[in-house]
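Notes to accompany the following structure.
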Amino acid sequence: SPPSPPLTPSPLCKPRRLYISFSDVGWENWIIAPQGYLANYCGGDCPFPLAAELNSTNHAVLQTMVHSLDPQGTPQPCCVPVRLSPISILYYDNSDNVVLRHYEDMVVDECGC
Amino acid sequence: PGPQERILLRSLGLSAKPSPSSPGPVPPVLWRIFHKRRTLARPGEPQSCRVEEFHVPGDIVRVFADRGRFLPEGQPPGRLCLRKLLFFNLSALEEGERLTMAQLELRFHHNSYQPASPGQVLELRLYRASPGGLPRPGRSPLVERSFVQLRKSLPLDLSAALKDGAAPGSNLALVLEISAGGDGGTPRSPCGSSDAFAATSLLLVTLGPRCRAARGRR
């Protein structure tokens, strides 16, 4: 099969992979599970004209238009999470009790402008 | 810890980084809930602030180990098999958490396969204790029931009994009594299988301030 085109990272706003390992932050002695998780983050541009798939607000559409007319005066809209998921963490608290806690908005699933 | 770590810990609802000194085994029920949530989690699927396994609202499930001690039986020997002060340090509960479920678990060393003959019935009573570790005089028991010890675990629902008492930051002291039930047990072993008693733990489900706010928003 023809070689797949080189994967050039898209400059557009979208979720980027970010794996958080709790041992990297020195938390492995009290977090039981998970040992880490895929948190991701939003990165990329919100250029004019905002493509339909960029999940943007009306305000962002206007801002990109003004930015294209006056790049110095008006910045591009930001690329931010628009859909997140929760995770549950199992850990020991300071009294050695075992705690299972549910945390909302811990994983970035979708980004937008 | 650096300022970033403190901010991150606070966002996880922790005032400081826990440093467990002698962490015990993870209760199987918490592993089950944890793994079920991981396998069922779908991107973007907002998990509700509920603990489906217990059909109650809540986003924090804690299992507290019993720090109490066995008490002298006192009562004339023969009927009382076991008397224990149960002490749970609930200081981990934060202001703003609302208790939605409380379950005391009695664990035994092994299942009991003896046929449940009349002498095997045991009586269980659970009292609120005074700080000195004695049942508060004149108070009826929180739980009073007979049981036959067949399985390694006997759960007792204390939700109604504790709704008012386990205010965040408080400790909880109870006295557990197990007596020979029925006609006083077989002459050979009046206390039957209560000798297999191993330990107790307290499982609490609470609704934390974040989830309460989110529910309010909805």
Side-chain angles (χ1 to χ4, degrees), chain A residues 13-43 53-56 79-113, chain B residues 1-2 4-5 8-9 11-27 29-38 41-51 58-65 67 88-93 201-206 208 210-211 213-214:
Chain A
C13 168
K14 68 175 199 174
R16 313 280 168 165
R17 189 183 194 302
L18 169 64
Y19 180 80
I20 292 183
S21 158
F22 292 126
S23 53
D24 288 352
V25 291
W27 287 8
E28 70 283 1
N29 67 323
W30 61 276
I31 290 189
I32 304 163
Q35 290 174 348
Y37 78 99
L38 209 49
N40 301 331
Y41 68 94
C42 289
E53 72 272 9
L54 269 185
N55 215 338
S56 50
C79 173
V80 293
V82 294
R83 195 160 56 96
L84 297 119
S85 298
I87 67 165
S88 288
I89 297 182
L90 202 52
Y91 65 86
Y92 288 110
D93 68 10
N94 258 327
S95 312
D96 297 349
N97 303 308
V98 182
V99 185
L100 174 63
R101 194 154 181 166
H102 167 79
Y103 290 103
E104 294 282 347
D105 303 339
M106 292 287 273
V107 178
V108 172
D109 295 307
E110 211 171 306
C111 303
C113 300
Chain B
Q4 297 92 330
E5 187 177 47
L8 192 50
L9 285 166
S11 75
L12 295 178
L14 294 161
S15 53
K17 181 161 90 171
S19 45
S21 50
S22 55
V26 177
V29 64
L30 293 190
W31 272 126
R32 277 200 302 275
I33 298 173
F34 176 78
H35 286 303
K36 184 176 168 191
R37 284 184 177 179
R38 284 196 90 179
R42 281 190 300 276
E45 175 83 22
Q47 278 169 0
S48 62
C49 295
R50 276 188 71 78
V51 183
D59 60 315
I60 308 169
V61 187
R62 290 187 179 87
V63 173
F64 295 87
R67 311 279 185 213
F88 299 102
N89 171 358
L90 305 185
S91 56
L93 294 178
S201 60
L202 179 69
L203 182 145
L204 294 187
V205 179
T206 56
R210 283 175 195 74
C211 258

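Each chain gets a letter, A, B and so on, in the order the sequences are listed, and its residues count up from 1. Keep in mind the model is a prediction, meaning the values are calculated, not measured.
A:N94 places a side-chain N or O within 3.5 Å of a backbone atom of B:S19 that can act as its donor or acceptor partner. The main-chain N or O of B:S21 is found under 3.5 Å from a side-chain atom of A:D96 such that the two form a donor-acceptor pair. Put simply, the side chain of B:D59 never gets that close to the backbone of B:C49: no donor and acceptor are under 3.5 Å apart.
Here the closest non-hydrogen pair linking B:F34 and A:P34 is CZ-N, 3.6 Å. Between B:V51 and B:V61 the shortest heavy-atom distance is CG2-CG2, 3.8 Å.
Heavy-atom pairs under 4.5 Å with chain B peak, among A:V107, A:D93, A:L90, at A:L90. With chain A as the partner, the residue from B:A16, B:P20, B:G24, B:G13 showing the most heavy-atom pairs under 4.5 Å is B:P20.
Residue contact with chain A, scored on non-hydrogen atoms closer than 4.5 Å, involves the backbone and the side chain of B:L12 alike. Heavy atoms closer than 4.5 Å to chain B are found in the side chain of A:Y103, but not in its backbone. Heavy-atom distances place the side chain of A:Y91, and not its backbone, under 4.5 Å from chain B.
Note on ring orientation: taking the six-membered ring where Trp is involved, the planes of A:W30 and A:W27 are tilted (angle from 30° to 60°).
Applying a 4.5 Å heavy-atom cutoff, the residues of residues 17-26 of chain A that approach chain B are A:V25, A:G26.
In this structure, cysteines A:C111 and A:C13 have SG atoms that are not closer than 2.5 angstrom.
Note that NE2 of A:H102 and CD1 of B:I60 are 10.5 Å apart. Values are rounded to the nearest 0.5 Å.
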